[in-house]
Amino acid sequence: MNKYAPIGIFDSGYGGLTVFQEVQKALPEYDYIYLGDNARAPYGNRSFDVVYEFTLEAVKFLFDQGCPLVILACNTASAKALRTIQQQDLPNIDPNKRVLGVIRPSTEEIGALSQTRHVGVLGTTGTIQSESYLIELKKFAPDVQVSQHACPMWVPLIENEKYDHSAGIQFIEEDVRALLEKDALIDTIILACTHYPVIKDKIQEIAGKHIQVVSQGPIVADKLGQYLVAHPEMEGKLTKNASQVFYSSESEIVFNEKAARFLGYPVAAKHHSF
Ligand code: DGL
């Protein structure tokens with residue numbers, strides 16, 4: 001029998017739960033460990049070096065828990081840390097382990113969804129400034145015109161559950177309008193931050209029915225399924241007892257309360273200090 005070998009899912013905070021939920025729904029047989037670095041979130045306005053350092057710590061922790069595969073369910077970490085970890089750190093830590101991000105799977109799919117070939121990207125300052133979506137979409141959908149807009153207030157609003165308050169709604173409205181003012185032909189908006197699906201209905205209402213607002217969770221889940229089919233050497237290592245373990249760098253009491261609201265069922269997280 002295989003030694004406990006779960007899939008690790010990492011996010012700066014609660015946002016990655018929107019990816020975890022979809023992945024777990026699509027691939028329920030596997031074991032999962034979710035790690036939220038809530039104590040140090042948000043990552044969105046942090047420097048490249050800090051996001052890389054924090055993300056590498058998280059990946060090493062998940063490897064130490066037995067994960068052969070870690071998903072960075074955070075665009076900011078995927079944009080700023082994934083490549084360095086894959087190319088520089090993994091060969092030294094363990095060349096048989098894998099770390100995957102959320103930007104590549106999303107940009108592979110998003111081009112196919114737009115009729116007008118005009119796409120909008122909403123993300124954190126870190127993700128938008130990295131231009132990762134512009135670069136990747138150019139590869140997979142070169143004919144698509146991409147406009148992006150950073151929403152630095154959204155993750156704090158979501159982490160602190162203030163997005164329903166009038167000031168929160170005002171920020172959301174301003175940012176969605178700012179994106180749409182850049183290009184009136186946008187028919188598809190990608191939520192390039194795993195926190196944003198929490199406010200998807202509000203974004204959709206502001207954007208209007210003629211625009212489709214796309215969350216990454218289902219795309220990432222679908223691509224992970226394809227990855228596991230294409231990589232039987234990884235798939236064979238993963239254990240399948242349908243277990244879920246949660247870690248947070250914040251107090252587990254706070255995490256449990258908020259995560260239960262995200263997921264719709266109670267969780268009993270463990271604390272991990274970095
Ligand atoms: N969920 C993270 C992302 O997708 C949020 C980043 C942050 O902590 O600012 O980018």
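As the structure lists them, so they are numbered: ligands from 1, and atoms in each ligand from 1. Reckoned from all heavy atoms, side chains included, excluding hydrogens, waters and symmetry mates.
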**Asked** Donor-acceptor pair, E29 side chain versus A242 backbone, under 3.5 Å?
**Response** no
**Asked** Under 4.0 Å between a Lys/Arg side-chain N and an Asp/Glu carboxylate O for K270 and E252?
**Response** no
**Message:** With heavy-atom distances below 4.0 Å as the criterion, list the atoms of ligand 1 near D11.
**Reply:** 1 (N), 2 (C)
**Prompt:** Are R261 and E161 within salt-bridge range, i.e. N to O under 4.0 Å?
**Reply:** yes
**Message:** Under a 3.5 Å distance rule, please check whether H118 uses its side chain to pair with a backbone N or O of V144 as donor and acceptor.
**Reply:** no
**Message:** How far is atom 9 (O) of ligand 1 from the closest protein heavy atom, and which atom is that?
**Reply:** G44 N, 2.7 Å
**Prompt:** For atom 6 (C) of ligand 1, what is the nearest protein heavy atom, given as residue, atom name and distance?
**Reply:** T76 OG1, 3.3 Å
**Request:** Please identify which atoms of ligand 1 are closer than 4.0 Å to at least one heavy atom of C193.
**Result:** 1 (N), 2 (C), 3 (C), 4 (O), 5 (C), 10 (O)
**Item:** Selection from V155, I158, N75 by shortest heavy-atom distance to atom 4 (O) of ligand 1
**Value:** N75
**Request:** Tell me which protein heavy atom sits closest to atom 5 (C) of ligand 1, plus the residue, atom name and distance to 0.1 Å.
**Result:** H195 ND1, 3.4 Å
**Request:** Of the side chain and backbone of V102, name the one, both, or neither that has a heavy atom under 4.0 Å from an atom of ligand 1.
**Result:** neither
**Prompt:** At a 4.0 Å threshold, what atoms of ligand 1 neighbour a non-hydrogen atom of T124?
**Reply:** 6 (C), 9 (O), 10 (O)
**Message:** Is the contact between P42 and ligand 1 made by the side chain, the backbone, both, or neither, using heavy atoms and a 4.0 Å cut-off?
**Reply:** both
**Prompt:** Nearest to atom 7 (C) of ligand 1, what protein heavy atom do you find, and at what distance?
**Reply:** Y43 N, 3.2 Å
**Message:** Among Y196, F20, F262, which residue satisfies the ring pair (Phe, Tyr, Trp, His ring centres under 6.0 Å) criterion with Y14?
**Reply:** F262
**N-O pairing of K258 and E159 below 4.0 Å** = no
**Message:** Does the Lys NZ or Arg CZ of K240 fall within the cation-pi geometry relative to Y30 - under 6.0 Å from the ring centre and within 45° of the axis?
**Reply:** no
**Item:** C74 to ligand 1, any heavy atom closer than 4.0 Å
**Value:** yes
**Message:** To the nearest 0.5 Å, what is the distance between CG on D49 and OG1 on T84?
**Reply:** 9.5 Å
